[in-house]
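In each ligand, atom 1 is the first atom listed, and ligand 1 is the first ligand listed. All residue numbers in this chain count up from 1 along the given sequence. Both backbone and side-chain heavy atoms feed into the values below; hydrogens, waters and symmetry mates do not.
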Amino acid sequence: MSDKDISSTLIENRQFPPAKEFTASARLKPADLKALHKHAADDYEGFWAEQARTQLHWKKPFSQILDSSRAPHYQWFNDGEMNVSYNCIDRHLDKHADKTAIIFEGEKGDVRQISYQELHDEVCQFANSLKASGIKKGDRVVIYMPMTPEAVIAMQACARIGAIHSVVFGGFSAESLRDRINDAGAVMLITADGGHRGGKIVELKAASDKAMNAGCPSIQHVLVLKRTGHDISMQDGRDIWWHDLVNDQATQCEPEWVNAEHPLFLLYTSGSTGKPKGIQHSSAGYLLNAVLTNLWVFDLQDEDTFWCTADVGWITGHTYVAYGPLAACSTIVIYEGAPTVPDYGRFWKICEDHKVSVFYTAPTAIRALMKMGDDFPNKYDLSSLRLLGTVGEPINPEAWMWYHKVIGKERCPIVDTWWQTETGAHMISPIPGAISTKPGSCTIPLPGIIADVVNDDGESITEANKGGYLVIKKPFPSMLRTVWGDDQRYIDTYFSKFGGKYYLAGDSARKDDDGYFWIMGRIDDVINVSGHRLGTMEVESALVAHPRVAEAAVVSRPHEVKGEAIVAFVICNGERPVGAEAVAMVKELREWVGEQIGAIARPDDIRFAEGLPKTRSGKIMRRLLRTIAHGEEITQDISTLENEGVVLQLQGKA
Ligand code: WT7
């Protein structure tokens, strides 16, 4: 890609300054933000050191701040010792033992409140259980659970004993689970007899069994939470009920004091090749940006109730559910189920019932709920809300305005937060009491985050609204440390483009006259479906694994709710399926991809042809495929194609 290819079509001029009342009680006022930016600009390392000393509890203080001697493998606060779980729980017990840490609501309406003291006791009991089952510091534990407090407890318990967790989203298939377990070399799997979602039971244990049967040689034990109570099979010696294990355990467990750089977790995310990457995060650096952004961006204060709707299977559910808000001693809401049960008002009912004050969700959810009309939100009292956030993809101004008016009643600032699995925490986002927002822009980088838009030569683009590569020019504490088991991929993906100098985010962006950032899309073969990344290659590999598929190419087209939809062009072995056979084949392939990866990866459209359009050198003409998928007129030169007829087939015209 060259920056000439990136053109911007949307210029949005509306501006929304923070309300005076909001600013008056905000943690960061304009002058505070200015001081933070100045500190970071004058003394970058000193800035981060001060944040780390004031925001985290250290068992052993660090003396070294940033170690760049092995760049691009950066280390932060490396000779310090701390424990993430202690920072999220124990340090609050002096003053806030009885404060509610978690308000949980199940899909069926069951509600449970857990205080910080209770959370401490449950985390300790489970941490002791893990130890009793032989889990040691550095062991990998895969968590494949419904969105329940126990998912957070399992993560915190791993952190407490220095085990490295890897949460696999419950919507991923048995195949995806197996691949991640094997890549991580996990010795334990923690799952449940199921979860409630959309009025159905998500068969997590059945999928776990399927993964085990397909081969997970490193797993020694499978711990099973009883959530739904429906029948599952337990294998003698391997499978253990959660409740059987925790029952006799002590409610005290001395935290394992780990080095600041000790890996806290791996989280798999899609890239431009077929194989997901295990993004490895550190302990102290990760937690530092997690707690800071909860304070700065979400402005979390003592009386707030914070609901981030993300599942713990994604990075958002790590930083803004399981870790950051707890480290900030906040009260969080966890909801197990779908936003549509019993109707489209569920989110707003939860906001009313639990007096949610800070609400964070994805543009895809906002668009889906917006489509259902204003009657659902208008039925509920949303006056407890004071701040709204979005993440995952650019939010279209129409959805932004609806969120602002119908949900926020024009009173709540909206923080559009740009970040990634790899960055661990927000990078570019408004500070709600200090920065004017513009619908569709994530505004400006946070203090200490040196983000920029550069051209192919790595030079800063100074011309307003000219697109380029989004980069981060200095290492920051919460950045990924490596790709698990594939360090070369870490270097190649994130640092090779600009000679190791800058972190390459993989997004294109532009800056407007005010220096505000506008994210324009990905520069690699990654599709953003409902705020989640999927590699086109990943879906292609799943398709070609089907015995009838000879070749497949996957691209995206815009989708009004999901952001992007997956379009697959498929070449079958033997005859090209047509008519009823094609309909049946589409159904079969959609299910197949669902089984191989997970439901979110199922293509929206599948089209069959006798061949794919290729250049003379045999490269698939992806740009042409995108044009076809978008239903646009073909302007590319296709005269060199060997078989022009396939274009008509792919367009559905032959
Ligand atoms: C990619 C990261 C970070 C948690 C959710 C997704 C896109 C993320 C925004 C935003 C425009 C955004 C980018 C990014 N993205 N937030 N506010 N505006 N685009 O995490 O799966 O690691 O995906 O999501 O393309 O690179 P992820």
Classify the ring geometry between F172 and F169 as parallel (under 30°), tilted (30 to 60°) or perpendicular (over 60°). perpendicular
Whether F306 and F298 hold their rings parallel, tilted or perpendicular, with breakpoints at 30° and 60°: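 F306 and F298: tilted rings.
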Every residue of the protein that comes under 4.0 Å of ligand 1, judged on heavy atoms: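 I315, T316, V391, G392, E393, P394, D416, T417, W418, W419, Q420, T421, D507, I519, R522, N528, G531, R533.
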Identify which one of Y320, F476, W296 satisfies the ring pair (Phe, Tyr, Trp, His ring centres under 6.0 Å) criterion when paired with H426. Y320
Residue pair R622, E540: steps toward the salt bridge (charged side-chain N to carboxylate O under 4.0 Å, His left out) verdict: CA-CA 13 Å; R622 287 182 180 274; E540 286 165 6; 3.0 Å; yes
Check side chain to side chain contact (heavy atoms under 4.5 Å, CB included) between S556 and all other residues, then give those that pass, not counting sequence neighbours.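 If we apply the side chain to side chain contact (heavy atoms under 4.5 Å, CB included) test to S556, skipping adjacent residues, the hits are I527, E564.
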How about W314 and Y268: are their ring centres within less than 6.0 Å of each other? no
